[in-house]
Number of protein chains: 2
Amino acid sequence: MVLNRYGPSMARSMHVRRPATLASLAAELGVSRTTVSNAYNRPDQLSPELRRRVLETARRLGYPGPDPVARSLRTRKAGAVGLLLTENLSYAFRDPAAIGFLEGLALACEDAGTGLLLVPASPEREDVAAVHRAGVDGFVVYSVPDDDPHLAAVLERPVPTVVCDQPDLDNVDRVGIDDRAAMRGLAAHLIALGHRRVGVVCMRLARDRNDGFVSVDRQHAAHFHVQRARLTGLAEEFAEAGVDWTRVPVVERFDHTIASGASAAAQVLDRDPGITALVCTSDILALGALQEAERRGLRVPDDLTVTGFDGIHEAERAGLTTIRQPVMEKGRAAGKLLLDASERTRPRTVDLGTELITGRTAAAPHSAQEERWFGP
Amino acid sequence: MVLNRYGPSMARSMHVRRPATLASLAAELGVSRTTVSNAYNRPDQLSPELRRRVLETARRLGYPGPDPVARSLRTRKAGAVGLLLTENLSYAFRDPAAIGFLEGLALACEDAGTGLLLVPASPEREDVAAVHRAGVDGFVVYSVPDDDPHLAAVLERPVPTVVCDQPDLDNVDRVGIDDRAAMRGLAAHLIALGHRRVGVVCMRLARDRNDGFVSVDRQHAAHFHVQRARLTGLAEEFAEAGVDWTRVPVVERFDHTIASGASAAAQVLDRDPGITALVCTSDILALGALQEAERRGLRVPDDLTVTGFDGIHEAERAGLTTIRQPVMEKGRAAGKLLLDASERTRPRTVDLGTELITGRTAAAPHSAQEERWFGP
DNA sequence: ATGAAAGCGCTAACAC
DNA sequence: GTGTTAGCGCTTTCAT
């Protein structure tokens, strides 16, 4: 069963082996190429006996079956979909939300018997070649900025594309959630609890690194639609509650890590120690904020309310108040949309639902003190 | 920037657009195909002015650049490596060890600018076609049984292959750890603590489902080399300590989940309530065993010692005594090995190190009682 | 049931 | 610098 691919005959060559081709096999057998092709692709088109002979000779000659690339060229089907991510490929395997998305997408691909090609497109390296090189029947684009050159390259390719989360483009299929509405719901919850002085920690708003405070202008101009929508939702809801949004400290972090969340939280709390709630636009950042709160001896939620967004497992374990979004379902839906050839006549949109998770990290401001004053 | 791919002219067609080809572009420009090709691949081979004209006309005609599949056929390079996994594709995103491996592999691919194609090969579906269809320059095979038909299909393809963990094949590059030695180390640790009556929970030993006790024969015949090695290591070390291995209850689970670990632990404990240590061949299973111990009111490690294998984060959080193996490094090493064309003259092996993590789940048998009798 | 012919879209020698 | 000539290895009408 196992081929010896390191025999003496190979020792000189860099290549593994120059395999026989369909043509050479046909010649050896004294039949036409069509027949050999049929032996592999249309067993019913030739006598079982001949087919057996073909396959057996193939085995003897070490013919590995039709070359997939040549077949793809001929049939115009690659049998794979490409995935373009915001971040380094390897980062995707560290972000629970991305992992969930991948799981769902993989599921959809599996169901369709389609391969999933992870395209090596780092955001720093502006090398779009990887997109051009990808032999795929379509692309799924996961959460990239609207001015991402890789995205532009994908859209130039003559294959269907589905975007998950961002950007929101006319004429391109999309699956996502209503980030603005979800965040308004969370904000309403905080407002109902009594919070009026809040701070915000958000993810990267553009491709340039800006680890620090965010002007209202930058909030509006954010190239990441999702972050923009979440900030907008917050701003709207709090404005309606009488909060002057221009005075709310919003701190941005380029890197999406717990450490980033912690340092951003520190920056907000340093600027305005009087805030009663720290709204983070992701669970990862919120977990960092919790760390920072603990470091400062602030009890959560007694001294400080902290909220997240995503609903990852780690957040659940931490009892985080957050918005849960169906990350895996997003991946599935994106895959299905892409692989479902039917009705590809106009852009389709799938909007999935979210859920407010009331955890143990949000409470009325200064509830501890009040309890102390008025009894439990 | 964004193409309208749903314009009225398209409405009738299932296809997105029939793009111009390199040839048609050359014709339009009145130059040869070579020149157009050079415009994309060898900018230095033509005047900047002509190149500009070519690219501009391409844009005007909606020519998306050289077709990647045709290019691959011609250059005999796909620009991607394939990954074959034991489990369903989607499962890989639920197993922390597999995720770590993927992260490392993605890292290596990224460094090389290579795509990573996840091959949709479910273990149940014996459909090997996906392997045949994969347009890749090589394969990484992650932890499959030695009789896996997908593996056989991969090995028949005329491209280099690297196996991670299992199986251990002559003539095929491999990266892994010394599972037997690692497990002997863990066993020695338990023996030093005083354990002599132990039970074992292990992962799937073959492609057939056998959720239950494992005969010594089945242990030896296991098609998963890694599990076999771990069991062998255990058996050897305990045998040297005078334990009759044939009497040690070993329970197997097909599904690799926490729930499986719990039910398997229950099965062992039901069979022999007198055991003092439960050795699990993975952290996931061990986490299940911990659950079951708690359910029974057994205190760990006072009443029962539990150990794992892998060193995943969740295990660390649980304070599990386990063997840590460098999962991410395995991925990286596998990728590097595959992508490093040099010295591919004879099979190479990378053996990575492991580390015994002494957590809070292993102690001397009945230490609690002893403490109670003799004071702390 | 089998074969002949015609490309799929591109790149790489090699000539000019 | 630019064009000519050959394929890469395969599938697919369309005849026979």
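Chain identifiers are assigned alphabetically (A, B, ...) following the order of the sequence lines, protein sequences preceding nucleic acid strands; residue numbering begins at 1 within each chain. Small disclaimer: the values here were computed from a predicted structure and weren't measured.
Within the 4.0 angstrom heavy-atom criterion, only backbone atoms of the sugar-phosphate kind lie near Val31(A); the bases stay farther away.
The side chain to side chain donor-acceptor pair (under 3.5 Å) test applied to Arg207(B) returns Glu126(B), Asp147(B), not counting sequence neighbours.
Remark: Gln45(A), Leu46(A), Ser47(A), Leu50(A) in residues 43-53 of chain A come within less than 4.0 Å of DNA chain C through at least one heavy atom.
Salt-bridge formation is not detected for the pair Arg74(B)/Asp67(B): no Lys NZ or Arg NE/NH1/NH2 atom is positioned less than 4.0 Å from an Asp or Glu carboxylate oxygen. A salt bridge links Arg52(A) and Glu49(A); the closest N-O separation between the charged side-chain nitrogens and carboxylate oxygens is under 4.0 Å. Using a 4.0 Å cut-off between a side-chain N of Lys or Arg and a carboxylate O of Asp or Glu, Glu28(A) and Arg60(A) qualify as a salt bridge.
The distance from atom CG of Leu29(B) to atom P of dG1(D) is 18 Å, rounded to the nearest whole Å. Atom-to-atom, CG of Leu73(B) to C1' of dC8(D) comes out at 4 Å; the value is rounded to the nearest Å. Protein atom CG of Asp67(A) is 17 Å distant from nucleotide atom P of dG9(C), rounded to whole Å.
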Short N/O separations, protein against nucleotides 12-16 of chain C, under 3.5 angstrom:
residue	atom	partner	partner atom	Å
dA12(C)	OP2	Arg42(B)	NH2	2.9
dA12(C)	N6	Thr34(B)	OG1	3.0

> Given Ser143(B) and Gln166(B), is the side-chain hydrogen bond (donor to acceptor under 3.5 Å, both in side chains) satisfied, shown in steps?
Replying inline: CA-CA 5 Å; Ser143(B) 201; Gln166(B) 49 196 357; 2.9 Å; yes
>> Using the rule given for side-chain hydrogen bond (donor to acceptor under 3.5 Å, both in side chains), can you reason through Asn41(A) versus Arg71(A), listing the C-alpha separation, both sets of side-chain angles and the distance that settles it, and then say yes or no?
In response: CA-CA 11 Å; Asn41(A) 304 315; Arg71(A) 168 187 275 162; 2.7 Å; yes
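The CG atom of Asp168(A) sits 7.0 Å away from the OG1 atom of Thr349(A) when rounded to the nearest 0.5 Å.
Within the structure, every side-chain polar atom (N or O) of Tyr40(A) is placed at least 4.0 Å from both OP1 and OP2 of dG9(D). At least one side-chain nitrogen or oxygen of Ser32(A) sits closer than 4.0 Å to the OP1 or OP2 atom of dG3(C). For dC8(C), the OP1/OP2 oxygens have no side-chain nitrogen or oxygen of Arg76(A) closer than 4.0 Å.
Nearest heavy atoms, Arg332(B) versus Leu107(B): NH1-CD2, 2.9 Å.
Nearest to the side chain of Thr35(A), among dT11(C), dT11(D), dG3(C), sits dG3(C).
Using a 30° and 60° split on the angle between ring planes, Phe93(A) and Phe93(B) fall in the parallel class, below 30°.
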